[in-house]
Amino acid sequence: MRQNADCAALVTPCPRRHEESPGQELREARRYAELLLERQRQFAADASHELRTPLTAMRVRVEEARLHPGDIDLPDLLDHVTGDLDRLEGIVDDLLLLATIETGLDGRLEEVDLTTLVETAAAHGVRLDLEPAVTVEAAPCLIARLLANLLDNARRHVAHTLQVSVRRVGGRAELAVTDDGQGVPPADRERIFERFARLDTARSRNRGGAGLGLAIARDIAAAHHGTLHVENADDGGARFVLRLPLVR
């Protein structure tokens, strides 16, 4: 699993320090390459595990149907297999999106009104606190996906109230998604942004996805020269805060 901070480190060249000798520079470059390779291996292992789980479930059900065809409830079997296929499709789509983000956003940026985006995307029952016409330069589909991931995460943990706010703060746009659930312990506030990371039942009442939603959200924020973090809400829940540069 890989934190977004690590992702940034992997795509940002290490600063060249003039006082370093050629030998030291070579050692640093080798260490950097080894770190990159290890994280790529870990990511491949994690992705393979996530893909294998629904594949194994489908194989078990199909082989059982082959061995005991008279005992199989066909509609039930098809429902389970369809669910596993949906899970596979979702994982593959997320992996492709991560690869797309890493290629950069050249040619996809335009002015996006975060206020309007939230008004359009937020479902009934979400409390809104919106400053008008908060505009950023962004890829609209990616910012919409980021918001959808934050809302989906909040809905899995909310007790009663889910709120989205948009405002200008210190020359940047701030979008915050707040739930009144159990919150995120300080020790887990970076781990939840790792790829394929899941917390225990203290932060999830239902079976979640592959653990890519928040990783994708942070990668999208970083690709737009922004930040995404989680903090305590006033009522003890979780407050996810996105900050992006305003349109100049």
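Residue numbers start at 1 and run along the sequence shown.
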Sidechain N-carboxylate O distance under 4.0 Å for Arg168, Glu174: no
Salt bridge check: are Arg31 and Glu28 linked by an N-O gap of less than 4.0 Å? yes
Distance col, row Asp219:CG vs Leu97:CG, nearest 0.5 angstrom, shows 9.0 Å
Does the distance from a Lys or Arg side-chain N to an Asp or Glu carboxylate O, for Glu34 and Arg27, drop under 4.0 Å? no
What pairs with His229 under side-chain hydrogen bond (donor to acceptor under 3.5 Å, both in side chains), at least two apart in sequence or on another chain? Glu231
I need the minimum non-hydrogen distance between Arg172 and Thr227, along with the two atoms involved. NH2-N, 4.4 Å
Answer yes if the side chains of Asn149 and Arg218 hold a donor-acceptor pair under 3.5 Å, and no otherwise. no
Quick one: do Val118 and Val247 end up in the same hydrophobic cluster if we chain Ile, Leu, Val, Met, Phe, Trp and Tyr together by side-chain heavy atoms under 4.5 Å apart? no
Are Val241 and Leu128 in one and the same hydrophobic cluster, where Ile, Leu, Val, Met, Phe, Trp and Tyr link if side-chain heavy atoms are under 4.5 Å apart? no
Are Glu64 and Arg59 close enough for a salt bridge, meaning some N to O gap below 4.0 Å? no
Looking only at heavy atoms, what is the nearest atom pair of Ala217 and Leu146, with distance? O-CD1, 3.3 Å
Below 4.0 angstrom, N of the basic side chain to O of the carboxylate: do Asp84 and Arg61 qualify? yes
